Amino acid sequence: MKKLGVVGSGSMGNGIGQTAALNGYDVILYDVAEAQLAKARQSIATSLRKRVEKGRMAQEEMDRALAAIRCSVDLAELADRDVIVEAVVEKVEIKQKVFSQLEDLVGADCLLGTNTSSLSLAEIASGMKDPTRLVGIHFFNPVPAMKLVEIVRTALVRRSVAEQAKAFAESLGKVTIQAPDSPGFVVNYLQYPFRLNAMRMVEKGIATPEDIDTAAKLGLGHPMGPLELQDMVGLDVTYYATSSIYEKTHDPAMEPPEILRRMVEEGKLGRKSGQGFYDYREKK
Ligand code: 3HC
């Protein structure tokens, strides 16, 4: 059984752990706080239970997946892993620290991937003794449902490492594309301007969130509207990601609008806080 370590147990980290456990991996989910890990385990159990209730999965499969995931607050437990994916907060110094610790901990053959969506891989890798071993393995939310993984390569990454990353993603049933180490990679470079424009339309009073989302679903065939999606992903995530891309590129299409900054300041982060472009407090 292949051994996976996931560093960071938020929605991306726990989604990656869940998907790997369902695909036969032995998983350790690492985080700094027990409370965060308890929340992650709960969220995995809820997601699996829904699939069992819908008849898409047998109870035994759910039990097996849950048993294959161990939670830990001790990074040293990741020493024997074959693959480690980092999915911590989008702060370059924090990611650099994680990888310099991991480099000293794991064997030379362990695949080291980052799930960053908005930071420069080259910058993260610059803090490593061997920057040729870091590759981007970028998943999409919700990880168990989204088929795509972007394999992001720096100019330095070894070809064999990128090939290993592709094989790892495929072993989870995902389809990969290659993406350059440039702001937003491929998917976010496409989708952020769309989502930010939806927010600008609300800000300018051009249309309501409901009408914008209906337009995208029924007029463009999107599975979710941009503002529903925004609430699912988290307004803070988009604010920090687009701010970081805008700082680097000064591309006006990536500039976070005032409404986004204000809502984040007010704690309206989407589903997770109960309020975003929609109100979830009744349904919580
Ligand atoms: N966890 C696990 N599985 C989930 C899930 C979750 N949170 N949400 C949905 N699923 C699974 C369901 O179990 C179901 O699986 P099944 O076909 O085996 O039964 C399948 O996904 C479809 O779900 P539903 O039938 O419940 O609902 P929908 O058909 O409405 O699909 C959706 C839900 C997959 C979320 C769909 O609405 C969708 O594709 N939305 C767009 C999502 C998107 O754009 N994601 C990208 C976000 S941006 C990003 O991730 C960038 C990063 O950098 C932050």
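Computed from heavy atoms alone, side chains included, the values below leave out hydrogens, waters and symmetry copies. Since the model is a prediction, treat every value here as computed from it, not as a measurement.
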| query | What do the steps show when you test R261 against E258 for salt bridge (charged side-chain N to carboxylate O under 4.0 Å, His left out), and what is the final call? | reply | CA-CA 5 Å; R261 191 188 61 73; E258 178 59 21; 2.5 Å; yes
| query | How far apart are the C-alpha atoms of R133 and C110, what are their side-chain angles, what is the distance that settles it, and do they pass the side chain to side chain contact (heavy atoms under 4.5 Å, CB included) test? | reply | CA-CA 9 Å; R133 70 185 295 190; C110 174; 4.0 Å; yes
| field | Trace of the side chain to side chain contact (heavy atoms under 4.5 Å, CB included) decision for F277 with E210 | value | CA-CA 9 Å; F277 287 94; E210 289 82 358; over 6 Å; no
| said: R64 vs E60, test: salt bridge (charged side-chain N to carboxylate O under 4.0 Å, His left out). Steps then yes/no. | reply: CA-CA 6 Å; R64 227 180 3 254; E60 300 76 61; over 6 Å; no
| task | Decide yes or no on side chain to side chain contact (heavy atoms under 4.5 Å, CB included) for E255 and L196, but give the supporting numbers first. | result | CA-CA 8 Å; E255 184 174 13; L196 297 179; over 6 Å; no
| said: With side chain to side chain contact (heavy atoms under 4.5 Å, CB included) as the criterion, how do Q164 and V83 come out once you've worked through the C-alpha distance, each side chain's angles and the decisive distance to 0.1 Å? | reply: CA-CA 9 Å; Q164 251 183 300; V83 187; over 6 Å; no
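With contacts defined as side-chain heavy-atom distances shorter than 4.5 Å, the pair N141/S11 qualifies. Contact of the L148 side chain with the F139 side chain is not registered, since no non-hydrogen atoms from C-beta on lie closer than 4.5 Å. In this structure, I69 and I44 have side chains that are in contact, with non-hydrogen atoms separated by less than 4.5 Å. Residues V32 and V73 form no side-chain contact, since every pair of their non-hydrogen atoms from C-beta on lies 4.5 Å or further apart. In this structure, M12 and V85 have side chains that are not in contact, with every pair of non-hydrogen atoms separated by 4.5 Å or more. Side chains of V186 and P180 form a contact here, defined as non-hydrogen atoms less than 4.5 Å apart. The shortest distance between side-chain heavy atoms of K129 and D104 falls below 4.5 Å. Within the 4.5 Å cutoff, the side chain of M62 has no heavy atoms near those of the R51 side chain.
Taking CG from L229 and CD from Q191, the interatomic distance works out to 6.0 Å, rounded to the nearest 0.5 Å. Rounding to the nearest 0.5 Å gives a distance of 11.5 Å between NZ of K97 and CG of L102. Rounded to the nearest 0.5 Å, atoms CG (L112) and CZ (R81) are 13.5 Å apart. Here L48 contributes atom CG and R56 contributes atom CZ; the two are 14.0 Å apart, rounded to the nearest 0.5 Å. Interatomic distance, CG of L29 versus CG of L4, reported as 9.0 Å (0.5 Å rounding). Of the inter-residue distances, the one linking R70 atom CZ with K3 atom NZ reads 10.0 Å to the nearest 0.5 angstrom.
Closest of all the heavy-atom pairs between F185 and A179 is CB-CB, 3.9 Å. Minimum interatomic distance between G225 and A216 (heavy atoms only, all atoms of both residues): CA-CB, 4.1 Å. For the pair L78 and G5, the tightest heavy-atom approach, listed with the atom from each and the gap, is CD2-CA, 4.0 Å. What you find for S273 and G267 is that their closest heavy atoms are OG-O, 3.1 Å. Nearest heavy atoms, G136 versus L121: N-CD2, 3.2 Å. When all heavy atoms of L37 and Y30 are compared, the pair lying nearest together is CD2-C, 4.1 Å.
Distance alone, capped at 3.5 Å, places no donor-acceptor pair between the E86 side chain and the G8 backbone. Side-chain N or O atoms of D279 include none that pairs as donor or acceptor with a backbone N or O of Q275 at under 3.5 Å. Put simply, the side chain of D181 gets close to the backbone of A122: a donor and an acceptor are under 3.5 Å apart. The main-chain N or O of V233 is never found under 3.5 Å from a side-chain atom of K272 such that the two would form a donor-acceptor pair. Although no hydrogens or angles enter the test, the distance criterion places a donor-acceptor pair under 3.5 Å between the side chain of K174 and the main chain of M146. Side-chain atoms of D213 come within 3.5 Å of backbone atoms of E228 as a donor-acceptor pair (strictly under, hydrogens ignored). No side-chain donor-acceptor contact under 3.5 Å links T132 to the backbone of R158. Counting only distance, with no hydrogens or angles, the side chain of N14 and the backbone of G10 share a donor-acceptor pair below 3.5 Å. At distances below 3.5 Å, not a single donor-acceptor pair connects side-chain atoms of T238 with backbone N or O atoms of L235. Side chain of T19 to backbone of G15: a donor-acceptor contact under 3.5 angstrom is found.
In summary, the side chains of T116 and E90 do present a donor paired with an acceptor at a separation below 3.5 Å, with no hydrogens or angles considered. No hydrogens or angles considered: nothing links the side chains of Y25 and D82 as a donor-acceptor pair under 3.5 Å. Between Y280 and D231, the side chains place a donor N or O and an acceptor N or O closer than 3.5 Å (distance only, hydrogens not considered). For the 3.5 Å distance criterion, the side chains of T176 and E150 fail to qualify, holding no donor opposite an acceptor. Using a 3.5 Å distance cut-off with no hydrogens or angles, the side chains of D74 and S72 do not pair a donor with an acceptor. Side chains of Q18 and S47: a donor on one and an acceptor on the other come within 3.5 Å.
Under a hydrophobic clustering in which Ile, Leu, Val, Met, Phe, Trp and Tyr are joined whenever their side-chain heavy atoms come within less than 4.5 Å, directly or via other members, L260 and V202 fall into the same cluster. Note on I16: it does not cluster hydrophobically with I28, by side-chain heavy-atom contacts below 4.5 Å among ILVMFWY residues. L105 and V88 fall within the same hydrophobic cluster, where Ile, Leu, Val, Met, Phe, Trp and Tyr residues are linked whenever their side-chain heavy atoms come under 4.5 Å apart, directly or through other members. Hydrophobic clustering places V27 together with V149 (ILVMFWY residues linked when any side-chain heavy atoms are closer than 4.5 Å, directly or through intermediates). Grouping the Ile, Leu, Val, Met, Phe, Trp and Tyr side chains by contacts below 4.5 angstrom, directly or via other members, places V237 apart from Y239.
In this structure, K91 does not pair ionically with E93, as no charged nitrogen and carboxylate oxygen lie closer than 4.0 Å.
Within a 6.0 Å radius of NZ in K39, no more than 12 heavy atoms belonging to other residues, nucleotides or ligands are found. The local environment of OH in Y240 is sparse, with at most 12 non-hydrogen atoms from other residues, nucleotides or ligands closer than 6.0 Å. Heavy-atom neighbours of Y189 OH from other residues, nucleotides or ligands within 6.0 Å: at or below the threshold of 12. Within a 6.0 Å sphere centred on CD of Q42, heavy atoms belonging to other residues, nucleotides or ligands number 12 at most.
Residues meeting the side chain to side chain contact (heavy atoms under 4.5 Å, CB included) test with A165, sequence neighbours left out: L111, V135, I137, I151.
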